[in-house]
Amino acid sequence: MTFEQLGLTPTLLKALADSGYTEPTSIQAMAIPEALAGHDLMASAQTGTGKTAAFMLPSLNRICTPSAVRSRGPRVLVLAPTRELATQVADAAKSYGKYIRLSVMTLLGGMSYYKQNQMLAKPIDIMVATPGRLMDQMARGRVDFSRLEVLVLDEADRMLDMGFIDDVRRIAAETPDSRQTLLFSATLDGQIGVLAKQLLKNPKLIQASAITERHEHIEQQLFYSDDYAHKNRMLQHVLRGTELRQAVVFTATKRDADDLAVSLQSEGFSAAALHGDMNQSMRNRTLMNLRRGALKVLVATDVAARGIDVQNISHVINFDLPRDTENYVHRIGRTGRAGASGLAISFVSGKDQNMVRRIERYIGQRIKTHVIPGMEPRKQAVRAGRTEGRGRSSQPNGARPVGKPGFKRHERRPGGASQTGAQSRSQRQNNVVPS
Ligand code: AMP
């Protein structure tokens, strides 16, 4: 399948060629023709699948034909749960639409009202907004939806989790009935299904590949820790590994993110925190430093890290496990971007075992336990029936110390099969649990 076959206009194809994309991802191949045909979409896809282009390309294709409605306001509205994700979506729109006359605006909390008001007074092609600030501007009577043709709900499940669901409903109710609605979400059941019934008309159901398949190029590892100091030592060891390019370290709280970033800085790492208590310009600066490689380690909380898309991130480290299974999947998806391989490491203790089991059920696979030679946990990891390796030595059966943590670039075999796929992984007996 090629982008040409999907029916996109030549100006978009040229921009895609500039981006270096050679073929559509599966979600793009499924979603783009349906969206171009004008259907509503209910698509299950997470970050890392190419979902942004899946809704942005057909939306931009529409923008290539001038609007018949002469007024102000957006033709395409994308609602996203966080500022970071919204900024990335707006950047993607600019990049894919670089050969089109295009106005893109973001409407986010923390931004100056003055500039937003100026933009809202004009016609806009693409508006990317977080629900809170958009509701705020709507309440002030500044938003005109009379030109609106497409409403996109990006990461709808997250918007629901974050309590934006009523805002999303209210915003949708203010838009024309004739609109096309494209809903993208990691899950489509439960409340999302209810929302979809309310907002979508005869939607086409699009499902990207299953979670396990989506993350097959991300190797996942567990390390048991005794206490905070032990975790810290293991973290520093991993961060000093030669194969580590850039890492995102997740902590449970904003305070922990700040403390850990400071402690890593004092150990000589170029590290910074990212969380919701930081103002927007600090968050932007930190993300820019991460993108241009000036920052090696980002210490983040869940919400702040959503949508981070930096291809050079080789490691995701769960210093603390997330509170829910979906966040685990979102976290590990910060690595292994655009087909690269990645390593996702979780530091856990005995009290995390229930959560580990829930995660394993959710992702449909076991996560192997590893140790760093010389940093074995003093307490035994009681994980009945799950520890395949029993060796006491540091590296039985080709076990790798984590400085070289089984990290491989995604390599294609002549036959097309991936060397880092599930099969080759199961052949590796590389975990060591001290008894
Ligand atoms: P997303 O799932 O939208 O967050 O996209 C994940 C990453 O995949 C981004 O870095 C995109 O630039 C990249 N990407 C999107 N579509 C393609 C494609 N067809 N080929 C290669 N990379 C892509």
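Remember, it's 1-based here, ligands and their atoms both numbered in the order they're listed.
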**Q.** Nearest-0.5 Å distance that lies between atom CZ in R62 and atom CG in L57
**A.** 14.0 Å
Q | For ligand 1, the portion of Q88 having any non-hydrogen atom under 4.0 Å away | A | neither
(Q) Working note: E219 + Q221, criterion side-chain hydrogen bond (donor to acceptor under 3.5 Å, both in side chains); need CA distance, chi angles, decisive distance, verdict. (A) CA-CA 7 Å; E219 182 163 343; Q221 302 181 342; 3.2 Å; yes
Q.
Taking the ring of F319 and the ring of F250, is the distance between their centroids below 6.0 Å?
A. no
Q | Candidate with minimal heavy-atom separation from atom 3 (O) of ligand 1, of T22, T52, I27 | A | T52
Q: Could you pull out, from F184, F55, Y96, Y21, the option with a heavy atom nearest to atom 17 (C) of ligand 1?
A: Y21
Q: Decide whether an N or O pair under 3.5 Å exists between G50 and ligand 1.
A: yes
Q. Is K231 positioned over the aromatic face of F347, cation under 6.0 angstrom from the ring centre and no more than 45 degrees off axis?
A. no
(Q) Under a 4.0 angstrom heavy-atom cut-off, which atoms of ligand 1 come close to T25? (A) 17 (C), 18 (C), 19 (N)
Q: Would you mind listing which atoms of ligand 1 come within a distance below 4.0 Å of any non-hydrogen atom of E23?
A: 18 (C), 19 (N), 20 (N)
Cut-off 3.5 Å, no hydrogens considered: what does the side-chain donor-acceptor table look like for residues 159-166, sequence neighbours left out?
residue : atom : partner : partner atom : Å
D166    : OD1  : R169    : NH1          : 3.2

